[in-house]
Each structure stands twice: as structure tokens, then as C-alpha cells.
Amino acid sequence: QVDLSESGEAANDDSRSPEISGNGRYVYFASEATNLTDDNLSGLNLFVKDLNTGEVALLSRNSDGDPVNMNSIFGRLSFTKNTATSSGRYIFFHDRYQNYIADASNNGFDIYAADLDPDVNGDFFDSSYDLRRVSLAPGGAEGTGGGTPTVSGGSRYPSVSAVGLYLTFESTHTNLF
């Protein structure tokens, strides 16, 4: 069982959408459990677990560093397809939550990349991660157009190559290419 706290306590609510890194060490999953980390959790969040050490970290944080805590209705389409590089350093996910980064305003799904080792020391749990939106138009403009933003519009279902050099995703945004 992967959805355990660092002390081995089982998740106290549902977990779903697991993705494992190519090296088999890290698992990323969404959960409504409130007991996986010491954060003030409620609702759906995204986590990473190191299968070697048992460490667990919350990945879904807003731009202020607080847990996203999506309600089950809003979160039902979030974190349904996650993908990671072989090393596990980079995790890609889609979500329509607007407060991961500053100046997000398209109200549609976007693809985000989290660098779990920005200080490049090999420890994914010793510092905060870097998060950036990667479903951007040339010049860095956010994706727009192509569907009802709050229902199905935007960029979803990322897939990344083993080393993270190539990323593909589905998109209804009309200005990305």
C-alpha cells in the first residue's frame, strides 16, 4: 500500500491516480486523506512518496505555499493523469486550479511541471519544489480559446519522455502552436 503516512498510518480517505517514476522509487498520487503529512489538509491534494525511505510530501500547494485542498466536485477532474521522468525528479500534471502560480487567469486546464530537486543535491524532500506552468504559447502567453474553460477546455493528459526532454499533451487551447 502506497498511501501511507511516514509513520505507516493508512490514508484515512480515498486515494487515486497513481503514477510511478521510471526507476520505481517515487509514486505520485491524488488523495483526499488528511493524515498523510503534517499539513492542514482537507479535500483533494497531490502527493509524492519515496518508496525507499517512506517520506511523503504534498505537491499541490498554492502560490503562498498552502495546500490546495480542492473539494471533491472541483477536484474530480484534477490529477487524473500524472506523468514523471524516469528519475522521478520532474512530475507533470494537469489541473484547472488558478492559484498555483501568479497571473493565471484562463480558467481552463493547464499542464504544470514540478521540479522536486531544484538545488540538484539528489534529495527530493529537503526543500520546496519549483512549479511552473508549461502549457504556454510562444512568448510565454497562457493558453486561451478552444472550449468551455471550466468543463473540458484547456490542456490535459501530459506524457513525458524518460529524461524529460519531450512533453506531449492534449489541448483545446487555440494559441499554443
Side-chain angles (χ1 to χ4, degrees), residues 16-23 26-32 39 43-48 57-121 124-125 127-177:
R16 63 173 169 85
S17 306
E19 175 70 25
I20 193 164
S21 61
N23 63 9
Y26 302 98
V27 175
Y28 313 87
F29 61 96
S31 183
E32 293 186 60
D39 298 285
L44 185 70
N45 285 287
L46 183 65
F47 298 88
V48 58
L58 175 69
L59 294 178
S60 53
R61 295 183 181 279
N62 64 26
S63 57
D64 293 329
D66 297 322
V68 169
N69 291 332
M70 284 184 232
N71 69 45
S72 59
I73 294 171
F74 186 75
R76 76 185 192 289
L77 298 175
S78 300
F79 316 127
T80 56
K81 172 68 171 106
N82 310 310
T83 185
T85 56
S86 183
S87 69
R89 178 177 172 184
Y90 299 97
I91 174 74
F92 297 82
F93 62 94
H94 71 253
D95 200 359
R96 61 183 173 188
Y97 181 72
Q98 295 296 300
N99 292 328
Y100 287 120
I101 58 170
D103 301 324
S105 62
N106 65 8
N107 293 319
F109 285 95
D110 285 303
I111 307 294
Y112 294 92
D115 178 354
L116 302 185
D117 192 20
D119 58 4
V120 196
N121 69 356
F124 295 1
F125 295 86
S127 61
S128 63
Y129 59 89
D130 285 340
L131 183 72
R132 48 186 78 168
R133 181 171 46 176
V134 295
S135 53
L136 299 171
E142 69 181 359
T144 59
T148 307
T150 58
V151 178
S152 61
S155 298
R156 298 172 68 184
Y157 309 116
S159 181
V160 68
S161 63
V163 295
L165 187 57
Y166 301 104
L167 174 70
T168 63
F169 53 89
E170 173 185 301
S171 186
T172 61
H173 287 142
T174 57
N175 66 327
L176 297 186
F177 304 99

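Atom OG in Ser87 sits 5.0 Å away from atom CZ in Phe124 (nearest 0.5 Å). Remark: Asn99 CG to Arg61 CZ distance equals 15.0 Å, nearest 0.5 Å. The OG atom of Ser78 sits 9.0 Å away from atom CZ of Arg156, with the distance rounded to the nearest 0.5 Å.
Residue Arg132 qualifies as open at atom CZ: its count of foreign heavy atoms under 6.0 Å is 12 or below. Summarising the local packing, CG of Asp103 is surrounded by 12 or fewer heavy atoms from other residues, nucleotides or ligands at distances under 6.0 Å.
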TODO: Could you walk me through whether Arg89 and Asp115 pass side chain to side chain contact (heavy atoms under 4.5 Å, CB included), step by step?
DONE: CA-CA 6 Å; Arg89 178 177 172 184; Asp115 178 354; 2.8 Å; yes

Task: Intermediate values then yes/no, side chain to side chain contact (heavy atoms under 4.5 Å, CB included), Tyr90 and Val160 - done: CA-CA 9 Å; Tyr90 299 97; Val160 68; over 6 Å; no

Open item on the list: Set out, in order, the CA-CA distance, both residues' side-chain angles and the distance that settles side chain to side chain contact (heavy atoms under 4.5 Å, CB included) for Arg133 and Asn106, then state yes or no.
Closed with: CA-CA 12 Å; Arg133 181 171 46 176; Asn106 65 8; 4.1 Å; yes

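Between Ala30 and Leu46, the closest heavy-atom pair is N-CD1, 4.1 Å. For the residue pair Arg96 and Leu77, the shortest heavy atom distance occurs at NH1-CD1, 4.2 Å. Of all non-hydrogen atoms in Asn175 and Pro138, the two that sit nearest each other are O-CD, 3.8 Å. When every heavy atom of Pro158 is checked against every heavy atom of His94, the shortest pair comes out as CD-ND1, 3.8 Å. Summarising the geometry of Pro118 relative to Asp130, their closest heavy-atom pair is CB-OD2, 3.2 Å, with the distance given to 0.1 Å.
Asp117 meets the salt bridge (Lys or Arg N to Asp or Glu O under 4.0 Å) test with no other residue; sequence neighbours excluded. Residues passing the salt bridge (Lys or Arg N to Asp or Glu O under 4.0 Å) test with Asp95: none are found, sequence neighbours excluded. The side-chain contact (heavy atoms from CB on, under 4.5 Å) search around Ala114 returns Ile91, Leu116, Tyr129, Leu131, not counting sequence neighbours. Every residue was checked against the salt bridge (Lys or Arg N to Asp or Glu O under 4.0 Å) condition with Glu32, not counting sequence neighbours, and none meets it.
Thr85 places no side-chain N or O within 3.5 Å of a backbone atom of Ala162 that could act as its donor or acceptor partner. Within the 3.5 Å criterion, the main-chain N or O of Ile111 finds a donor-acceptor partner in the side chain of Ser135. With hydrogens and angles ignored, the 3.5 Å screen pairs a side-chain donor or acceptor of Glu142 with a backbone N or O of Ser105. Within the 3.5 Å criterion, the main-chain N or O of Val68 finds no donor-acceptor partner in the side chain of Asn62. With hydrogens and angles ignored, the 3.5 Å screen pairs a side-chain donor or acceptor of Tyr28 with a backbone N or O of Gly88.
Screening residues 160-171 for side-chain hydrogen bond (donor to acceptor under 3.5 Å, both in side chains), with sequence neighbours left out, gives Ser155-Ser171. A salt bridge (Lys or Arg N to Asp or Glu O under 4.0 Å) check over residues 67-79, counting only residues at least two apart or in different chains, returns nothing.
Tested against Phe93, the residues Asn82, Thr83, Leu59, Asp110 include a single side-chain contact (heavy atoms from CB on, under 4.5 Å) partner, Asn82.
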